[in-house]
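One structure is given below, encoded as structure tokens.
One-based numbering, in listed order, for ligands and for the atoms of each.
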Amino acid sequence: MTTTAPPAPPDGDRPPTRLVSAGRHFDRRIATVNLPVVRASSVTFETLAQADAEGAAAIAGEWHRSTYATSGTPTTFALMDALAEIEGGGHPCRAAIMPSGLAAISVPLLAYCSPGDHVLMSDSVYGPARGFATSLLARYGVRTEFYDPGIGAGIEALLRPETRVVYLESPGSYTFEIQDVPAICEVARARGVLTMIDNAWGSPVFARPFDWGVDVSLLPLTKYWGGHADLLMGAAVVREEHWLPLWQAVRQLGVCVGGDDAFLVLRGLRTADVRMRRHEATALTVARWLQGRPEVARVLHPALPDHPQHALFRRDFSGSSGLFSFELKAATPAQLAALCEGRRHFGIAYSWGGFESLIMPAKIGSLRTVSPWTGGPLVRLHCGLDDPADLIADLAEGLDALRAAG
Ligand SMILES: Cc1ncc(COP(=O)(O)O)c(C=O)c1O
């Protein structure tokens, strides 16, 4: 059977071609507050020479150069600019974005380490960071040794000729130890060792890790930067001199994010300051209330004066976020379930940093090898943007249920 093409319209484009080409002109005269969202895979060029030049610039790590959306689009570049400026805090930095906070941990470790290298990692890190270091990274010949988060300048004794990275997280996951980050960075820098920090808790408002001397700041944008529990993303913000190896790894591994999610993080950061201050105030109100409860042995919140590293917190942070833990004097698994399940305002979930309040008992067990947790059952709270009185009433009911289940 033969087919005949539909008659050509006066301007020469047939209907299927019009479907492809119509409406692709963007009217740049109309100024809006927010940037347009660019969804893209292909990036197009006027000439072959332009394609070649753009490719060479992207490989060389030049800013805002892209031959394909895995390298970037106007929307992702806008977010990278914002992250480098905000997190960099006046230090010349660049930012790469990845599809989760965990990817923003694993990709930089792969980018900076080679077989035979040694990594020093805090014993208090986020569990999956430890899991990556002891499994996949180890398979590539990189050995990770854990250190006590209270080590400070004493880290010098653990440095070896092959130490490539000191990996920090302050405060620590679930146990909230504050590290003497500036002291650790000073020692590491003097020995040519790169410092990386998971800056999930304090950012985007209360911590300035590049003032402390770190080289790479890792941000789970999923948490406070996005702020609405509706996306996954992470960033590695690095001093300019460390940009190229990271950027090459990001491009070679093909880790990238879409325009819609990048836009949502840009939107989230506009309100980050007011949200963080509300999270801070609510969490402190709830934490102080918990301190007065008979079931609670201790509250682990760096902004409370009885926190063991409160002085370091006051020196290095300008505020605190909505995440902290409390230790129960005792609790069976059934009592923990009675505390956490059926809460009206606290959902049971692992993440945090959104507008919602969350509760999760800690399972520290094998997650500590150098400084084991010796206290009672630990429960982590994320205080969202709810009214603190409602959160307290909900926890009071939970603690009553815990006692009744005893
Ligand atoms: C301290 C910390 N770092 C990193 C991450 C990883 O972020 P994501 O959930 O985006 O992978 C989390 C997630 O809970 C976290 O708590």
Discussion item. Going by salt bridge (Lys or Arg N to Asp or Glu O under 4.0 Å), name the pairs with one or both residues in residues 253-263, residues two or more places apart or in two chains.
Written reply: R39-D260
Practice prompt. Scan R288, R293, Q291 and name whichever one has a side-chain contact (heavy atoms from CB on, under 4.5 Å) with V299.
Written response: Q291
Practice prompt. In plain terms, say whether E162 and R143 are close enough for a salt bridge, that is, a side-chain N and a carboxylate O under 4.0 Å apart.
Written response: no
N/O to N/O under 3.5 Å, ligand 1 against protein:
from: ligand 1; atom 1: 3 (N); to: D198; atom 2: OD2; distance (Å): 2.6
from: ligand 1; atom 1: 9 (O); to: K223; atom 2: NZ; distance (Å): 3.2
from: ligand 1; atom 1: 10 (O); to: G101; atom 2: N; distance (Å): 2.7
from: ligand 1; atom 1: 10 (O); to: T222; atom 2: OG1; distance (Å): 2.5
from: ligand 1; atom 1: 11 (O); to: G101; atom 2: N; distance (Å): 3.2
from: ligand 1; atom 1: 11 (O); to: L102; atom 2: N; distance (Å): 2.9
from: ligand 1; atom 1: 14 (O); to: K223; atom 2: NZ; distance (Å): 2.8
from: ligand 1; atom 1: 16 (O); to: W352; atom 2: NE1; distance (Å): 2.9

Mind listing the side-chain donor-acceptor pairs of residues 345-364 below 3.5 Å, one per line with the distance, residues two or more places apart or on another chain?
from: S351; atom 1: OG; to: K223; atom 2: NZ; distance (Å): 2.8
from: S357; atom 1: OG; to: G384; atom 2: N; distance (Å): 2.8
from: S357; atom 1: OG; to: D386; atom 2: OD1; distance (Å): 2.6

Worksheet item: Got a sec, which pairs hit ring-ring contact (aromatic ring centres under 6.0 Å, His included) with one end in residues 384-406, sequence neighbours left out?
Response: none
Practice prompt. Give a yes or no on whether the ring-centroid distance for F317 and W212 is below 6.0 angstrom.
Written response: yes
